[in-house]
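All remarks here apply to the structure that follows.
Just so it is clear: chains get the letters A, B, ... in the order the sequence lines come, proteins before strands, and each one is counted from 1.
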2 protein chains.
Amino acid sequence: MAHATIRDVARRANVSVASVSRALNGHDNVRPELREKVKVAARELGYVPHAGARSLSLARAHAIGVMLPDLHGEFFSEVVRGMDRAASARGLQLLLSNMHADPEQAVDAVRTMRGRVDGLVIMAPDIDTATLIEQLSPSLPAILINSRSDTPDRPRIRVDNEAGAEAMVDHLVDTGYRHIVHIAGAACNAEAADREQGYRRAMRRHDLEPRVIAGDFTEEGGAKAAEALLADRRGADAVFAANDMMAIGALVALRDAGIAVGREIGIAGFDDIPLARLISPGLTTMRVNIADIGASALNRIAAIVDGDDDTDSEFRHPELVVRASTSRRAEQ
Amino acid sequence: MAHATIRDVARRANVSVASVSRALNGHDNVRPELREKVKVAARELGYVPHAGARSLSLARAHAIGVMLPDLHGEFFSEVVRGMDRAASARGLQLLLSNMHADPEQAVDAVRTMRGRVDGLVIMAPDIDTATLIEQLSPSLPAILINSRSDTPDRPRIRVDNEAGAEAMVDHLVDTGYRHIVHIAGAACNAEAADREQGYRRAMRRHDLEPRVIAGDFTEEGGAKAAEALLADRRGADAVFAANDMMAIGALVALRDAGIAVGREIGIAGFDDIPLARLISPGLTTMRVNIADIGASALNRIAAIVDGDDDTDSEFRHPELVVRASTSRRAEQ
DNA sequence: CTGTTAGCGCTTTCAT
DNA sequence: ATGAAAGCGCTAACAG
């Protein structure tokens with residue numbers, strides 16, 4: 001049997017559909033008696049309102065679309081957790097969409113979201129989505145997380161990746177490391193570029209020779225980079241990977257190669273995913289508080305949708321977390 | 001400026017809305033010339049169809065609702081990754097909803113999904129949702145993953161947790177461990193119960209004394225259990241945790257306590273999350289192939305929605321993965 | 001091939 | 001306080 005509609009309920013309760021709507025939505029201009037009658041009828045029919053129709057009529061979907069890059073592992077789950085927490089606190093649903101590399105798909109995904117969400121959270125450090133999105137859906141509010149393009153008119157949340165990377169290099173140098181190799185993130189990725197930039201700047205400041213190995217933000221990429229490093233070490237005594245997953249891949253690879261991580265070679269990452277604490281030795285990293293960014297993004301887009309228009313950008317500063325992977329003995 | 005509607009496009013192209021709809025949806029009964037005119041008008045106006053209205057009219061939302069328990073970490077991301085992969089391959093959107101313990105919220109979440117999704121994937125080993133869901137939304141297709149209740153009429157995907165746990169105990173015994181302690185999963189959780197059941201059965205079969213410490217599926221829970229174990233060891237030489245996160249928590253705790261994991265105490269988990277391979281020593285576990293379950297669930301609900309009604313349940317058998325955490329020397 | 005129109009299920013004026 | 005009716009944006013008969 002098909003689903004009961006508001007009309008069925010009205011018929012059964014011998015009232016108009018308008019009254020059913022009012023009664024069920026808790027308006028106060030309904031006699032208690034009628035409201036009760038409607039509720040009974042609704043229950044008997046197993047009536048559940050059709051959210052799609054409702055949102056068409058209200059011009060409000062009570063849902064937020066989320067576009068994420070094809071993230072792996074904990075970074076992904078942390079972001080989503082944060083968003084979900086904020087969303088359900090506000091009674092909003094989350095429409096999720098991962099981008100599988102292809103910008104075409106991103107466009108498509110956004111298109112199919114229009115009319116089904118009230119706003120968008122977009123995390124797309126790989127693509128130049130900002131202008132893209134605007135072309136696609138003007139008047140659909142969106143907030144960007146760590147996006148590459150500089151659209152000052154769209155609200156954004158950014159992490160100060162460059163300063164974070166600089167701080168990490170400073171820490172490594174303080175600890176006594178000198179030949180610090182950077183494993184870069186994916187090419188074309190805004191965050192990767194910023195972190196590499198920070199690394200280079202700090203190395204220059206310390207009068208040290210930079211050395212960058214290409215990477216891709218994945219664990220395998222980190223492992224490969226570590227192998228490349230082992231094959232051609234050139235006195236390297238520390239690895240600073242552009243994110244934790246690569247740092248962990250490198251750490252495991254070096255560990256398996258019999259190298260005393262922390263001592264013989266220091267390793268550092270970026271993000272502070274939960275795993276960073278669990279790996280052995282614990283991974284020194286820059287804490288970004290991923291879930292918090294997710295929650296914050298969602299709260300801000302919700303506020304914007306509600307008309308509380310605060311369009312200033314947010315700039316977050318990651319925080320150094322020192323663990324055993326950079327525990328070089330005091331004497332260098 | 002507000003969003004352009006199909007009417008605006010029609011007006012601008014000097015055609016009827018029906019023609020616009022046909023032209024844009026690629027129907028073949030449109031003169032190429034007219035189609036082009038429509039496309040131009042649509043582009044000029046930045047027209048993006050309103051998916052909500054579309055799905056109301058089509059009685060098809062092209063979206064699947066996903067309800068997950070409040071999962072942490074990689075289990076969550078793996079499931080969602082699998083679903084997302086399958087969904088975007090089929091052109092479906094994913095409406096995500098985590099349940100925050102409270103069954104009330106689960107009910108609510110499902111209610112607000114009605115009329116906005118074509119089907120539901122529900123993973124709720126904690127709650128007796130099956131009947132619940134049916135009451136809430138008869139005629140909304142749903143597939144259950146590892147649900148507790150036995151509703152034979154709903155399609156399900158289950159993991160043979162009991163057999164998996166038995167297999168793990170067998171492996172531990174084969175390897176030479178005898179005093180195997182089980183860290184149980186969350187109370188009221190169907191999977192936890194099955195795994196404990198399997199553990200007990202296998203221990204009985206081997207004529208060994210079972211010992212169960214309560215847990216909750218979290219890393220902290222595993223760490224606490226390990227501490228309890230250290231405080232009152234009673235000759236325990238192996239720990240079999242009901243999932244990997246707890247196993248890892250225990251592993252780290254024992255490692256930090258200076259115990260040679262694998263040798264002095266064997267540790268095993270369940271799920272084979274990516275992290276299991278990365279931790280040191282590598283964690284012996286039962287591989288469940290989480291992402292695959294997600295993808296499979298999504299594909300099946302999509303098939304059901306499309307009318308390809310295959311309502312038989314699926315029963316998956318986890319697979320033993322041996323790593324260093326149970327590498328007791330041959331001589332016991 | 002194209003336009004007119006009914007209707008998807010709901011909310012909300014506008015009357016009464 | 002309640003009902004009748006318009007309309008949210010779209011698609012799909014039905015005519016022509």
Distance-only side-chain donor-acceptor flag, B:Asn98 / A:Arg81, under 3.5 Å: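 No, because no side-chain N or O of B:Asn98 sits under 3.5 Å from a partner of the opposite role on A:Arg81.
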State, without any angle test, whether B:Arg316 and B:Asn161 hold a side-chain donor-acceptor pair at a distance under 3.5 Å.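 Per modelled atom types, B:Arg316 and B:Asn161 side chains form no pair under 3.5 Å.
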Just to confirm, is there a sub-4.0 Å distance from OP1 or OP2 of C:dT2 to any side-chain nitrogen or oxygen of B:Arg31?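 Yes, within the criterion.
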Distance below 4.0 Å between A:Arg7 side-chain N/O and C:dC8 OP1 or OP2: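 For A:Arg7, the contact criterion (side-chain N or O under 4.0 Å from OP1 or OP2 of C:dC8) is met.
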What is the distance, rounded to the nearest whole Å, between atom [atom1] of [X] and atom [atom2] of [N]?
X	N	atom1	atom2	value
A:Lys37	D:dA1	NZ	P	15 Å
B:Arg11	C:dT4	CZ	P	13 Å
B:Arg116	D:dC8	CZ	C1'	15 Å
A:Leu56	D:dT11	CG	C1'	13 Å
A:His50	C:dG7	NE2	C1'	13 Å
A:Arg111	D:dG9	CZ	C1'	15 Å
A:Arg114	D:dC10	CZ	C1'	11 Å
A:Glu36	D:dA1	CD	C1'	17 Å

Residue among A:Glu191, A:Arg158, A:Arg156 satisfying side-chain hydrogen bond (donor to acceptor under 3.5 Å, both in side chains) with A:Asn146: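 Testing A:Asn146 for a side-chain hydrogen bond (donor to acceptor under 3.5 Å, both in side chains) against A:Glu191, A:Arg158, A:Arg156 leaves exactly one candidate, A:Glu191.
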Using atom names, set out every protein N or O paired with an N or O of nucleotides 11-13 of chain C below 3.5 Å, distance rounded to 0.1 Å.
from: C:dT11; atom 1: OP1; to: A:Asn25; atom 2: ND2; distance (Å): 3.0
from: C:dT11; atom 1: OP1; to: A:Arg54; atom 2: NE; distance (Å): 2.4
from: C:dT11; atom 1: OP1; to: A:Arg54; atom 2: NH2; distance (Å): 3.4
from: C:dT11; atom 1: OP2; to: A:Ser21; atom 2: OG; distance (Å): 2.9
from: C:dT11; atom 1: O4'; to: A:Ser57; atom 2: OG; distance (Å): 2.7

B:Phe315 vs B:Val159, test: side-chain contact (heavy atoms from CB on, under 4.5 Å). Steps then yes/no. CA-CA 6 Å; B:Phe315 209 48; B:Val159 169; over 6 Å; no
Could you tell me whether a side-chain N or O of A:Asp84 sits under 3.5 Å from a main-chain N or O of A:Val80, the two making a donor and an acceptor?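 No.
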Picking from A:Val117, A:Ile143, A:Val121, what satisfies side chain to side chain contact (heavy atoms under 4.5 Å, CB included) with A:Ile64?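 Output: one option passes, namely A:Val121.
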